[in-house]
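First up is the structure itself, then whatever we jot down about it.
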Number of protein chains: 2
Amino acid sequence: MKIAEVASQTGLPAKTIRYYEEIGLIHPDRHANGYRDFSESHLHKLAFLGRARSLGFSIEECRALMALYEDRDRASADVKVIAQEHLGAIDSKISELQAMRQTLAHLVSCCAGDDRPNCPILADLAGTTTPMRTTSHDKEKLSAA
Amino acid sequence: MKIAEVASQTGLPAKTIRYYEEIGLIHPDRHANGYRDFSESHLHKLAFLGRARSLGFSIEECRALMALYEDRDRASADVKVIAQEHLGAIDSKISELQAMRQTLAHLVSCCAGDDRPNCPILADLAGTTTPMRTTSHDKEKLSAA
DNA sequence: GATAAAGGCTCCCGTGACGGGAAGGTCAAG
DNA sequence: CTTGACCTTCCCGTCACGGGAGCCTTTATC
C-alpha cells in the first residue's frame, strides 16, 4: 500500500506518516523504486497513533503506549499510569483555562464596546484599577505538571 | 534601570524581556556601555504585557492591545473584539480538552490497573472494541478558531 | 513514442514564545 | 589584581508537524 492510501484510510496527512517513520514510530518496507510500502499492520499502528494523538497524548507517550500495546506481557497498571498522568495534565490545563476564562469574561462584560476610549479591559491589563481585581492572574503561574 | 531589576519587578525573565525588545514590543534606551536602560514607562509596558500574556493572549494580540492602550483615540469596541475572540478561542480549547477528559476518564476507570495484560485503554486505542466508543475522538478534529 | 499530470521521494525552512548555554565585555568589592 | 556577578550577542533546541523546492517514477493520454 502506498502512502496516499494509508493517509486516506487513517486520516493522517502523508507528511505526518513520514514524520512518524522518521522518529521511529513505524518502519514501513520499501518498494524497489524507493516508495514506502505499508502493510495492514502498519495501517493498524498508524490508526492507533492517530487515536492516541487525538486524545492529547504526546508523541513520547504514544511511543510508550505503542510499546505496551505490542508487549504481550505488559501490566495494565503501566498503561493506566500513563493515562492517569495525562488525565492530570489535562485537568491542570482545563483549570488554567477556566481561570483565564473567568477573568476575561468578567472584563469583557464590563467593557462598553462602543467608540469611546474608556476601557476596563485595558485598565485591568495596565494595572490601574483599584487592587480588587477579581482573579489574581498576575504573579506566579500555576506550574502544570 | 538594568534588566535584572526590571525582571524582578515584573516577574518576567530577562530572556523574555530581551525577546520582547527583539520583536519590537518595547524599545529600551541604552547606556554608553551597551547595557539596556529601562524607564518606569518600560516597566509599565512590560507589566501590561505580562498580564496580557497570563490571560493567554498571543504575542500579536498583545501587540494590538498595546497599540490600543497607547492610542488615546481608541474605541473600546476594538479592544472588546480582541478580547471576545480570545474568549471564544479559550472556550473552544476548554471544550476540546473536556471531550478528551471524558473519554480518557472513562477508559481509565475501566482499566483494572493490575499486572494482567488485559487493558481497555489499549483496546480502545487499537480500535478493537465494539463500535460503541463513548466519544468519537477519532476522525475529524474540531478545528478551533 | 512523447508528453503531461499525478504522486512519490528527500531536504530544508518556518511555526510560538521563549530557554539554555557559549563566548566575551563590564563593573563593584576585596 | 583578581574574583565573581552582571551584562551583551549569537546560536541551537523545543513540539509536532506544514509548506515548498527540486527531482524521480508511474500512469494516462495523444
Side-chain angles (χ1 to χ4, degrees), chain A residues 1-38 42 46 48-66 86 89-90 93 96-97 100 141 143-145, chain B residues 1-38 42 45-46 48-66 86 89-90 93 96 100 141 143-145:
Chain A
M1 215 187 325
K2 283 185 290 183
I3 201 168
E5 173 146 10
V6 178
S8 86
Q9 296 231 8
T10 61
L12 296 173
K15 272 279 189 181
T16 297
I17 297 171
R18 293 197 192 96
Y19 175 64
Y20 288 173
E21 180 190 12
E22 187 190 333
I23 63 175
L25 285 179
I26 53 168
H27 302 283
D29 298 334
R30 294 283 179 150
H31 283 291
N33 59 13
Y35 286 16
R36 287 171 183 81
D37 184 17
F38 298 87
H42 296 124
L46 285 167
F48 181 101
L49 291 169
R51 277 189 286 262
R53 291 285 299 133
S54 79
L55 283 180
F57 286 105
S58 74
I59 289 287
E60 289 314 310
E61 284 167 337
C62 289
R63 192 190 302 276
L65 289 171
M66 278 274 293
H86 180 46
I90 287 178
K93 202 83 185 205
E96 190 181 347
L97 287 171
M100 288 182 189
K141 58 187 69 170
S143 56
Chain B
M1 211 180 341
K2 283 185 290 183
I3 202 166
E5 172 145 9
V6 178
S8 87
Q9 297 234 6
T10 61
L12 297 172
K15 274 275 188 181
T16 297
I17 297 171
R18 293 196 191 97
Y19 175 64
Y20 287 174
E21 180 190 12
E22 187 189 333
I23 63 174
L25 285 179
I26 52 168
H27 302 283
D29 297 336
R30 295 284 179 150
H31 284 290
N33 59 12
Y35 286 17
R36 289 173 182 80
D37 183 17
F38 298 87
H42 297 124
K45 286 188 190 183
L46 286 167
F48 181 101
L49 290 169
R51 276 189 286 263
R53 291 285 300 131
S54 79
L55 283 179
F57 286 105
S58 73
I59 289 287
E60 289 313 311
E61 286 167 335
C62 288
R63 192 191 301 276
L65 289 171
M66 278 276 293
H86 180 47
I90 287 177
K93 202 84 185 202
E96 190 180 348
M100 287 182 188
K141 59 186 72 168
S143 55

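Quick caveat: nothing in here was measured; it's all calculated off a predicted structure. Throughout, protein chains are lettered first and strands after them, A, B, ... in sequence-line order, and every chain is numbered starting at 1.
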Ignoring backbone atoms, establish whether [X] has a side-chain N or O less than 4.0 Å from OP1 or OP2 of [N].
{"X": "Arg36(A)", "N": "dT10(C)", "value": "yes"}
{"X": "Thr16(B)", "N": "dA17(C)", "value": "no"}
{"X": "Asn33(A)", "N": "dG8(C)", "value": "no"}
{"X": "Arg30(A)", "N": "dT10(C)", "value": "yes"}
{"X": "Tyr20(B)", "N": "dC18(C)", "value": "yes"}

Whether [Y] and [X] form a salt bridge (side-chain N of Lys/Arg under 4.0 Å from carboxylate O of Asp/Glu) is what I want to check.
{"X": "Arg18(A)", "Y": "Glu21(A)", "answer": "no"}
{"X": "Glu22(B)", "Y": "Lys15(B)", "answer": "no"}
{"X": "Lys93(B)", "Y": "Glu96(A)", "answer": "no"}

Can you check the [X] [atom1] to [N] [atom2] distance for me, whole Å?
{"X": "Tyr19(B)", "N": "dT15(C)", "atom1": "OH", "atom2": "C1'", "value": "10 Å"}
{"X": "Ile17(A)", "N": "dA16(D)", "atom1": "CD1", "atom2": "P", "value": "17 Å"}
{"X": "Asp37(A)", "N": "dT25(D)", "atom1": "CG", "atom2": "P", "value": "18 Å"}
{"X": "Ile3(B)", "N": "dG19(C)", "atom1": "CD1", "atom2": "P", "value": "12 Å"}
{"X": "Phe57(A)", "N": "dC15(D)", "atom1": "CZ", "atom2": "P", "value": "17 Å"}
{"X": "Arg63(B)", "N": "dA17(C)", "atom1": "CZ", "atom2": "C1'", "value": "12 Å"}
{"X": "Leu25(B)", "N": "dG16(C)", "atom1": "CG", "atom2": "P", "value": "13 Å"}

*Mind checking Arg18(B) for me? I need base, sugar-phosphate or nothing, with any heavy atom below 4.0 Å counting as a touch.*
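Contact class for Arg18(B): base.
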_Regarding Ile23(B), tell me which of base, sugar-phosphate or nothing describes its non-hydrogen contacts under 4.0 Å with the strands shown._
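Touches nothing.
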_Contact between His42(B) and Met1(B) at the side-chain level, heavy atoms closer than 4.5 Å - yes or no?_
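Side chain of His42(B) against side chain of Met1(B), heavy atoms only: no contact under 4.5 Å found.
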*asked:* Quick check: do Val6(A) and Leu12(A) have side-chain heavy atoms less than 4.5 Å from each other?
replied: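 Not touching, per the 4.5 Å side-chain cut-off.
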Can you tell which of [options] lies closest to the side chain of [X]?
{"X": "Arg53(B)", "options": "dT10(C), dA17(C), dT9(D)", "result": "dA17(C)"}
{"X": "Ala4(B)", "options": "dC11(C), dG8(C), dC7(D)", "result": "dC7(D)"}
{"X": "Lys15(A)", "options": "dT8(D), dG8(C), dG19(D)", "result": "dG19(D)"}
{"X": "Ile59(A)", "options": "dC18(C), dG21(C), dC17(D)", "result": "dC17(D)"}

*asked:* For dG7(C), does the base pair up with any side-chain atom of Lys2(A) as donor and acceptor (N or O, under 3.5 Å, distance only)?
replied: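 Checked by distance alone, the answer is no.
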*Could a donor-acceptor pair under 3.5 angstrom be found where the side chain of Tyr35(B) meets the base of dG25(C)?*
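Answer is yes: a donor-acceptor pair is held.
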